[in-house]
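In what follows, a single structure is set out as structure tokens and then discussed.
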Amino acid sequence: MSQQAFAEIFDLKRGTLGAYEEGRSEPKTETIIKIANYFSIPIDDLLTKELTVNQLLKFKGDIEDHFFEETKHDFISVPCITPEQQNDYIKNASLSSFINSLPSISLPNDNAKKKRAYIVDDLEMSTENGGLYPKDIVFGEWIPKSAFDTISPSHMYLILTSNALVLKRIYPKGDTLTLTSDHKGIEEQHITTSEIKELWEIKSVLQHRLPDTKNNHVLDKIAFLENEFKKLKSSM
């Protein structure tokens, strides 16, 4: 790096840098801190050691390695239930060996709750305006039996019973749960909380396609027209 480039970075004069190099002057503490932070060099090493170029480069490498060591722990592997494994999951969900054999998806670990991923395989949760389609992936957080009384009405859940694994919206009424689909024409189901072996509240979705933006364009046009009407009214 040239003296000019260095001086511009730290808002110094080239003559000041020359004085530093010749030992006629020393940088202020705040300048030392800026230099150390910019080049990722410990202040103690900067002040007390004769550092080679290779040593200077190593500081940067050490920091980058440390960064990746820290960040990789922020991800968790979420077991994913594929359409081909649904029947096996119903039978073997309680076996840790089976869960460990499932494919997994890495997600940022935003909390300590257990998670499960599920690949949609039907149109039961699709709507005229979108919804979920085959190959979309939903991610759910585990709801323990002790928290079944906190089930949120109309929220989407992945529900495991002794003979089925379904993705539905839940409407609780006492110990009875009404399960509904978003697609029109699909009959409601009714189960009791005692029938549930696992319950996962859906928190996020990974869509296999780009969202349909046609309806957004319509809404934008409506908003534009409403704004124009307001202008006309105010000018009358």
Give, for atom CD of Glu187 and atom OG of Ser181, the distance between the pair rounded to the nearest 0.5 Å. 10.5 Å
Say whether Met125 and Leu158 are linked into one hydrophobic cluster, either directly or through other cluster members, by side-chain heavy-atom distances under 4.5 angstrom. yes
What are the two closest non-hydrogen atoms of Pro103 and Gln85, and how far apart are they? CD-OE1, 3.5 Å
Non-neighbouring partners of Tyr118 that pass side chain to side chain donor-acceptor pair (under 3.5 Å), sequence neighbours left out: Gln86
Salt bridge (Lys or Arg N to Asp or Glu O under 4.0 Å) partners of Lys49, counting only residues at least two apart: Asp45
Considering only residues two or more places apart or on different chains, which pairs with a residue in residues 3-15 satisfy side-chain hydrogen bond (donor to acceptor under 3.5 Å, both in side chains)? Gln3-Glu21, Gln4-Glu8
Testing the basics here: between Val78 and Ala117, what is the closest heavy-atom pair and its distance to 0.1 Å? CG1-N, 3.5 Å
Would Ile76 and Ser106 satisfy side-chain contact (heavy atoms from CB on, under 4.5 Å), going step by step from the backbone distance to the final call? CA-CA 5 Å; Ile76 58 171; Ser106 292; over 6 Å; no
Would Val205 and Leu132 count as a side-chain contact (heavy atoms from CB on, under 4.5 Å) if you check the C-alpha gap in whole Å, the side-chain angles of each, and the deciding distance to 0.1 Å? CA-CA 9 Å; Val205 177; Leu132 300 177; 3.6 Å; yes
What are the two closest non-hydrogen atoms of Thr161 and Ile90, and how far apart are they? O-CG2, 4.1 Å
Quick one: does Cys80's side chain get under 4.5 Å of Ile119's, heavy atoms only? yes
Quick one: list whatever passes side chain to side chain donor-acceptor pair (under 3.5 Å) with Lys145, sequence neighbours left out. none
Can you name the side chain to side chain contact (heavy atoms under 4.5 Å, CB included) partners of Tyr20, sequence neighbours left out? Leu12, Thr16, Leu17, Ser25, Pro27
What pairs with His155 under side chain to side chain donor-acceptor pair (under 3.5 Å), at least two apart in sequence or on another chain? Glu201
How close do Leu167 and Val120 get, counting heavy atoms only, and between which atoms? CD2-CG2, 4.1 Å
To which residues is Leu199 joined in a hydrophobic cluster, defined by side-chain heavy-atom contacts under 4.5 Å among Ile, Leu, Val, Met, Phe, Trp and Tyr, whether direct or through other members? Ile143, Phe148, Ile151, Tyr157, Ile159, Val166, Ile170, Leu177, Leu179, Ile191, Ile196
Would you mind listing every salt bridge (Lys or Arg N to Asp or Glu O under 4.0 Å) that reaches into residues 165-186, with sequence neighbours excluded? Glu124-Lys168, Glu128-Lys184, Arg169-Asp182
Is Tyr38 atom OH crowded by more than 12 heavy atoms from other residues, nucleotides or ligands, each under 6.0 Å away? no
Could you list the residues that satisfy salt bridge (Lys or Arg N to Asp or Glu O under 4.0 Å) with Glu22, not counting sequence neighbours? Arg24
May I have the list of side-chain donor-acceptor pairs in residues 135-142 shorter than 3.5 Å, sequence neighbours left out?
| unit_1 | atom_1 | unit_2 | atom_2 | d |
| --- | --- | --- | --- | --- |
| Asp136 | OD1 | His208 | N | 2.8 |
| Asp136 | OD1 | Arg209 | NH1 | 2.9 |
| Asp136 | OD2 | Tyr133 | N | 2.9 |
| Asp136 | OD2 | Arg209 | NH1 | 2.7 |
| Glu141 | OE2 | Asn111 | ND2 | 2.9 |

Across all chains, not counting sequence neighbours, the side chain to side chain donor-acceptor pair (under 3.5 Å) partners of Glu84 are Thr82
What residues form a side chain to side chain contact (heavy atoms under 4.5 Å, CB included) with Ile99, not counting sequence neighbours? Pro79, Tyr89, Leu102, Arg116
Shortest non-hydrogen separation from Pro172 to Pro153 and the atoms involved: CD-CA, 3.9 Å
Assess the residue pair Leu160 and Trp200 against the criterion (side-chain contact (heavy atoms from CB on, under 4.5 Å)); give the C-alpha distance rounded to whole Å, side-chain angles, the decisive distance to 0.1 Å, and a yes or no. CA-CA 9 Å; Leu160 175 68; Trp200 307 85; 5.7 Å; no
